[in-house]
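Here is the structure we will look at.
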Amino acid sequence: MAKEEPPSVSKDLQELQRKLSLLIKSFQDNSKVVAFMKSPVGQYLDRHPFLALSMLLFVAMSAVPVGFFLLLVVLSSLAALVGVILLEGLVISVGGLTLLCVLCGLVFISLALSGTIMMCYVVVSSLINYWFSSRPLAKQNPSVDCQLAMKAADLEGLYQE
């Protein structure tokens, strides 16, 4: 038998939902977000949420490698001022190829994480909707179960012959 939740849990969930809806509303009312969502890119990403989540994860995860690469470029440019022009080209080429490999790996990781997050979201929201649905479960008719069991027994007898 399912335990009844204390009323405080229900109130806490309602309060959390209210706070999250206010946070989402404040993001949606931001003038920069409104301007971006009216652009063609924003409208496209609004129609394709998996791609938007993948891009968000990719940009977030690629910030550190791109930052290191830019730091490497600045430092090698400073070294070039001292007179190491050939070394700069080599270091930037190797660094660029390394960055390309890292970013390609991050693309696959961000796609996998996006898929996992989307599947978890669907499963969790389905479970929450199932657990907190206000509809009572339909009661089964015992006579129908008995009839189905008799038909299954008849079919098993046919297969044995």
Side-chain angles (χ1 to χ4, degrees), residues 1-140:
M1 303 248 173
K3 293 183 179 178
E4 289 294 322
E5 294 184 28
S8 64
V9 173
S10 168
K11 289 179 184 177
D12 290 341
L13 285 175
Q14 289 174 351
E15 181 67 22
L16 180 62
Q17 182 181 11
R18 187 184 65 77
K19 286 181 180 180
L20 287 175
S21 65
L22 287 174
L23 180 66
I24 291 171
K25 181 108 174 104
S26 69
F27 280 127
Q28 290 174 343
D29 292 340
N30 189 341
S31 62
K32 292 180 181 180
V33 173
V34 171
F36 176 74
M37 291 307 291
K38 287 182 181 178
S39 72
V41 174
Q43 291 174 356
Y44 181 80
L45 291 176
D46 192 32
R47 290 189 307 263
H48 299 86
F50 179 77
L51 181 64
L53 181 62
S54 297
M55 287 181 59
L56 176 69
L57 286 172
F58 175 73
V59 168
M61 290 189 304
S62 64
V64 172
V66 169
F68 281 138
F69 178 73
L70 292 176
L71 180 67
L72 179 72
V73 168
V74 169
L75 291 177
S76 65
S77 297
L78 290 174
L81 292 176
V82 178
V84 192
I85 294 173
L86 293 176
L87 181 63
E88 177 192 6
L90 176 69
V91 168
I92 289 177
S93 298
V94 170
L97 289 174
T98 305
L99 177 65
L100 179 67
C101 293
V102 168
L103 292 180
C104 287
L106 286 177
V107 164
F108 293 118
I109 291 171
S110 65
L111 287 174
L113 282 175
S114 297
T116 304
I117 290 170
M118 292 294 259
M119 285 191 305
C120 289
Y121 172 76
V122 169
V123 168
V124 169
S125 65
S126 296
L127 286 174
I128 288 175
N129 285 338
Y130 175 75
W131 286 332
F132 294 112
S133 65
S134 60
R135 297 179 288 157
L137 294 175
K139 294 184 179 179
Q140 293 183 352

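Just so you know, these numbers use all the heavy atoms, side chains as well, and skip hydrogens, waters and symmetry mates. What you are looking at is a predicted structure, and each value in this text was computed from that prediction instead of being measured.
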Check residues 56-70 and write down every donor-acceptor pair under 3.5 Å in which the side-chain atom is one partner and the other belongs to a residue at least two apart or another chain.
{"residue": "Ser62", "atom": "OG", "partner": "Phe58", "partner atom": "O", "Å": "2.9"}
{"residue": "Ser62", "atom": "OG", "partner": "Val59", "partner atom": "O", "Å": "3.3"}

(request) Check ring pair (Phe, Tyr, Trp, His ring centres under 6.0 Å) between Tyr44 and all other residues, then give those that pass, not counting sequence neighbours. (result) His48

(request) Mind jotting down which residue pairs meet the side-chain hydrogen bond (donor to acceptor under 3.5 Å, both in side chains) criterion with at least one end in residues 28-37? Sequence neighbours excluded, please. (result) none

(request) Enumerate the residue pairs fulfilling side-chain hydrogen bond (donor to acceptor under 3.5 Å, both in side chains) with a member in residues 98-123, sequence neighbours excluded, ordered by first and then second residue. (result) Ser54-Ser114

Name all residues meeting the side-chain contact (heavy atoms from CB on, under 4.5 Å) criterion together with [X]; count only those two or more places apart in sequence or in a different chain, and write none if there are none.
{"X": "Ile128", "result": "Val124, Phe132"}
{"X": "Val41", "result": "Phe36, Ser39, Leu45"}
{"X": "Leu20", "result": "Leu16"}

(request) Just jot down the salt bridge (Lys or Arg N to Asp or Glu O under 4.0 Å) partners of Arg18, sequence neighbours excluded, or say none. (result) Glu15

(message) Checking Lys38 now: which residues fulfil salt bridge (Lys or Arg N to Asp or Glu O under 4.0 Å) with it, not counting sequence neighbours?
(response) none

(message) Return the CD to CG distance between Gln17 and Leu22, rounded to the nearest 0.5 Å.
(response) 10.5 Å

(message) Ignoring hydrogens, what is the shortest heavy-atom contact between Met37 and Gln43? Give both atom names and the distance.
(response) O-CG, 3.3 Å

Determine all donor-acceptor pairs shorter than 3.5 Å in which one atom belongs to a side chain in residues 99-108; sequence neighbours excluded.
none

(request) Determine yes or no for a side-chain-to-main-chain donor-acceptor pair under 3.5 angstrom, with Asn129 supplying the side chain and Ser125 the backbone. (result) yes

